[in-house]
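Read through the structure below, which is laid out as structure tokens, and then see the notes.
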Number of protein chains: 2
Amino acid sequence: MKGNAVYKRSYNGCLSICETLAPGAEMPSENEISQSLSVSRTTIRAVMAGLEAAGILTRQGASRRLTRRPEPTDAFPDTQTVSTSATVERRFLEWILQGHIGPGHLLTAAELARQFGTSTTIIREHLPHFQHFGLIERRPNSAWLFKGVTPAFAHEIYDVREMFELRAARSFIALPDPSPPWQRMRTIEREHRALLADIDTGYALFPDLDERLHRTVHETADNRFIKDFYDIISMLFHYNAQWDAEDEKQRAFTALSEHLAYIEALLRRDLKAIDRACRQHLKTARSNLLRSIELRLKKPPSL
Amino acid sequence: MKGNAVYKRSYNGCLSICETLAPGAEMPSENEISQSLSVSRTTIRAVMAGLEAAGILTRQGASRRLTRRPEPTDAFPDTQTVSTSATVERRFLEWILQGHIGPGHLLTAAELARQFGTSTTIIREHLPHFQHFGLIERRPNSAWLFKGVTPAFAHEIYDVREMFELRAARSFIALPDPSPPWQRMRTIEREHRALLADIDTGYALFPDLDERLHRTVHETADNRFIKDFYDIISMLFHYNAQWDAEDEKQRAFTALSEHLAYIEALLRRDLKAIDRACRQHLKTARSNLLRSIELRLKKPPSL
DNA sequence: TCCTTGCATTTTATATGCAAAGAGCAAGGC
DNA sequence: GCCTTGCTCTTTGCATATAAAATGCAAGGA
């Protein structure tokens with residue numbers, strides 16, 4: 001009734017630990033392992049039993065020793081190590097962002113449960129989450145209205161993003177030079193330069209760098225609502241990026257240059273330059289999103 | 001397994017319709033009633049059957065006629081006309097805002113279900129909602145951390161509120177004079193003057209007026225995230241107001257005056273005055289909230 | 001033709017059941 | 001005295017069950 005993704009993930013985690021051990025060596029204590037994998041000791045004990053059954057470990061009184069090196073086939077496939085809930089979330093967002101349904105479409109929990117092969121419980125737990133994303137709207141005692149990933153959606157999300165980012169930038173420059181965010185920012189600046197120099201082979205690393213830059217700024221605002229909103233943006237962009245790979249290198253290049261102007265202005269504490277660079281960057285990002293949305297609205301459910 | 005709050009609410013709604021009818025008169029069609037009460041015809045049919053059983057209506061072929069005037073005792077009590085879900089939401093917010101638990105407290109779904117007398121299903125559906133409010137934070141596979149209604153919470157919520165309100169005010173003054181929001185605003189201005197003149201007896205009407213003013217402004221921003229955030233604020237204030245009745249009249253008076261300055265600036269399209277009046281008003285509101293929060297932190301769970 | 005009601009089917013709201021995972025205590029070894 | 005394991009009890013994740021409510025269609029009447 002309850003999946004065992006935690007067990008499988010921990011099992012794989014323990015296999016990694018085993019690999020660092022010489023045959024015959026003793027396993028760390030249940031406590032140590034459970035802490036390093038952030039799960040309960042109960043789970044670790046179950047995993048240990050599994051590893052013994054697989055002939056990887058042998059018990060001798062209170063201690064467990066490695067009897068054979070684990071092989072790649074011992075591990076559970078990655079797909080089984082994620083909870084149903086997380087899987088549904090991912091699949092739903094992908095489905096939405098790939099444009100399989102249009103604005104105005106009605107979503108019923110029962111149908112979604114069938115489509116994703118789970119129970120309505122899970123679906124009902126997730127729909128409010130997507131409402132928070134601004135993607136759907138509730139009709140009481142009835143279905144959910146899909147509002148669509150439309151140009152309006154992009155503008156609304158970017159209007160808020162701009163307000164939040166500009167506000168956060170002000171908190172950022174209020175911090176002293178030696179503060180951790182400033183140190184991180186200087187590292188990020190260096191990484192930007194390095195990536196720019198090596199754009200042809202490294203452009204795929206950009207999204208991660210992008211996220212770290214903006215999060216570093218946002219964090220200084222020390223505001224849960226701003227952070228929470230950036231979580232939405234971040235998730236949306238993550239899935240959006242997966243199918244909008246066109247011009248990826250060119251876009252990364254432009255964004256890196258704009259970021260550098262922004263970062264320099266931040267480090268100079270030049271408010272006017274910050275506003276200018278930030279607005280310019282968000283403007284570009286907004287039109288990238290708009291472009292990909294409009295592309296999708298034209299050629300529908302193909303993907 | 002499913003409550004029948006919809007039935008009871010609709011039953012009461014039909015009783016109201018009956019009261020407008022002369023004895024012997026014919027009821028409207030099932031369709032008409034279901035539309036006016038925003039429920040399905042199925043529910044109306046069930047209600048009709050109930051009204052017949054109660055001797056209020058009699059069927060004659062396809063038509064239903066009023067046989068006796070409904071009495072107050074015919075109606076279901078209001079408490080039974082709200083869904084379990086809505087009840088839990090209200091009770092949970094009240095409980096939180098009354099300060100029965102402090103920041104750092106761990107909330108378990110099982111315990112909350114026991115406390116509120118429902119199943120964990122309902123609780124699990126609501127907890128993410130309160131996370132959206134910024135009140136709680138999830139620990140994976142475990143309990144929820146209550147972050148507390150603290151001064152920090154008030155500041156974070158007001159920082160965002162200020163950004164949104166100022167932004168919305170700019171959209172408001174971009175609209176032409178005859179637009180519906182402007183018309184509504186002029187009505188709201190008149191209501192403010194009327195309430196100020198009659199503050200001693202009418203101050204309890206202020207919260208509703210307050211909400212209408214801010215919503216009128218927010219709506220013009222035409223941004224789902226801004227609206228959504230105002231929903232949070234609105235709900236929070238609604239429940240907060242219920243136990244923070246001290247100085248209510250004085251506070252309403254101050255707010256009305258500040259509102260009027262804000263409204264006048266808006267209607268004059270005077271950007272500087274708008275910013276000044278808006279900031280002043282939100283500053284007052286922020287300190288009112290802070291005051292009530294600090295009061296509560298001092299004298300704990302008593303209420 | 002457009003509403004009307006009756007009826008059959010689907011979906012929602014909520015509770016319950018159950019395996020997996022977490023929490024905590026007690027007893028023993030270093 | 002601290003950390004270990006064993007064990008028990010609680011809580012979580014998810015599926016399923018069921019009454020209430022919604023939806024949709026067919027047939028009849030104005």
Side-chain angles (χ1 to χ4, degrees), chain A residues 1-10 27-35 37-49 59 61-64 83-88 106-114 117-127 138-144, chain B residues 1-10 27-35 37-49 59 61-64 83-88 106-114 117-127 138-144:
Chain A
M1 298 246 159
K2 178 180 186 174
N4 53 353
V6 177
Y7 171 85
K8 290 178 177 168
R9 194 166 354 124
S10 309
M27 281 295 275
S29 80
E30 294 172 0
N31 252 320
E32 271 177 273
I33 304 178
S34 80
Q35 273 165 25
L37 297 180
S38 308
V39 292
S40 76
R41 200 161 60 79
T42 307
T43 302
I44 296 304
R45 302 189 98 228
V47 168
M48 292 303 168
R59 286 207 71 150
S63 76
R64 297 180 182 90
S83 68
T84 314
S85 186
T87 309
V88 165
L106 286 176
L107 301 168
T108 66
E111 195 181 316
L112 289 172
R114 251 175 273 128
T118 49
S119 68
T120 54
T121 312
I122 294 288
I123 301 290
R124 287 176 58 89
E125 229 172 53
H126 279 280
L127 287 174
R138 171 113 237 218
R139 317 250 119 149
N141 286 323
S142 176
W144 295 74
Chain B
M1 298 244 155
K2 179 181 186 172
N4 54 352
V6 177
Y7 171 84
K8 290 178 176 168
R9 195 166 351 125
S10 308
M27 279 295 274
S29 82
E30 295 173 359
N31 253 320
E32 271 178 89
I33 303 178
S34 81
Q35 272 163 25
L37 297 181
S38 307
V39 292
S40 77
R41 204 160 57 79
T42 308
T43 302
I44 297 304
R45 301 189 100 227
V47 169
M48 291 303 169
R59 288 208 70 153
S63 78
R64 297 180 181 89
S83 68
T84 313
S85 187
T87 309
V88 166
L106 286 177
L107 301 168
T108 67
E111 195 181 314
L112 289 173
R114 250 175 274 129
T118 49
S119 68
T120 54
T121 313
I122 294 287
I123 300 292
R124 287 173 60 88
E125 230 172 49
H126 278 280
L127 286 174
R138 169 114 240 214
R139 317 251 118 149
N141 285 324
S142 176
W144 295 74

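Residue numbers start from 1 in every chain, and the chains themselves are labelled A, B, ... in the order their sequence lines are given, proteins ahead of strands.
Of all nucleotides listed (D:dA15, C:dT16, C:dT4), D:dA15 comes nearest to the side chain of A:Ser119. The side chain of A:Ala109 sits closest to C:dT12 out of D:dA21, C:dT12, C:dA15. The listed nucleotides are C:dG6, C:dA19, C:dG22; the one nearest the side chain of A:Met1 is C:dA19. For B:Ile122, the listed nucleotide lying nearest its side chain is C:dA15; candidates were C:dA21, C:dT4, C:dA15. Among D:dC14, C:dT5, C:dT4, the nucleotide with an atom closest to any side-chain atom of A:Thr121 is D:dC14. In the set C:dT4, C:dT14, C:dA13, C:dT14 carries the atom at the smallest distance from any side-chain atom of B:Ser85. Taking the side chain of A:Thr84 as heavy atoms from C-beta on, and the options C:dT5, D:dT5, D:dA15, the nearest nucleotide is D:dA15. Taking every side-chain heavy atom of A:Asn4 into account, C:dA21 is the closest of D:dG13, C:dA21, C:dT4. Across C:dA21, C:dC7, D:dA21, the shortest atom-to-atom separation from the side chain of A:Ser40 is found for C:dA21. Closest contact between the side chain of B:Thr42 and the listed nucleotides C:dT4, D:dT23, C:dT14 involves D:dT23.
When heavy atoms are screened at a 4.0 angstrom cut-off, B:Arg9 is found touching no nucleic acid atom at all. Residue-level contact check: A:Ala5 touches the backbone only, with heavy atoms under 4.0 Å from sugar-phosphate atoms and none from bases. Nucleic acid contact for A:Arg139: none, since no nucleic acid atom lies under 4.0 Å from a heavy atom of the residue.
Sequence order on DNA chain D of the closest nucleotides to A:Thr120 and B:Pro140 puts B:Pro140 first from the 5' end.
When all heavy atoms are compared, the tightest approach of B:Ala143 to B:Thr108 is CB-CG2, 4.0 Å.
Residue B:Lys2 places a side-chain atom within donor-acceptor reach of the base of C:dT12, judged by atom type and a 3.5 Å distance cut-off alone. In the interface, the side chain of B:Ser83 is not paired with the base of C:dA13 through any donor and acceptor atom under 3.5 Å apart. With hydrogens and angles ignored, no donor-acceptor pair closer than 3.5 Å exists between the side chain of A:Ser142 and the base of C:dT11.
A:Arg114 has no side-chain polar atom (N or O) that falls below the 4.0 Å cut-off from OP1 or OP2 of C:dT10. Neither OP1 nor OP2 of C:dT5 sits under 4.0 Å from any side-chain N or O of B:Arg41. At least one side-chain nitrogen or oxygen of A:Asn31 sits closer than 4.0 Å to the OP1 or OP2 atom of D:dT4. Not one side-chain nitrogen or oxygen of A:Asn141 sits closer than 4.0 Å to the OP1 or OP2 atom of C:dT11.
No side-chain heavy atom of A:Val47 sits less than 4.5 Å from a side-chain heavy atom of A:Leu37.
Across the helix from C:dT1-D:dA30 to C:dC30-D:dG1, the helix axis at one end is tilted relative to the axis at the other end by 40° (nearest 10 degrees, each axis from five pairs).
For A:Arg41, the side chain to side chain donor-acceptor pair (under 3.5 Å) test picks out A:Glu30, with sequence neighbours left out.
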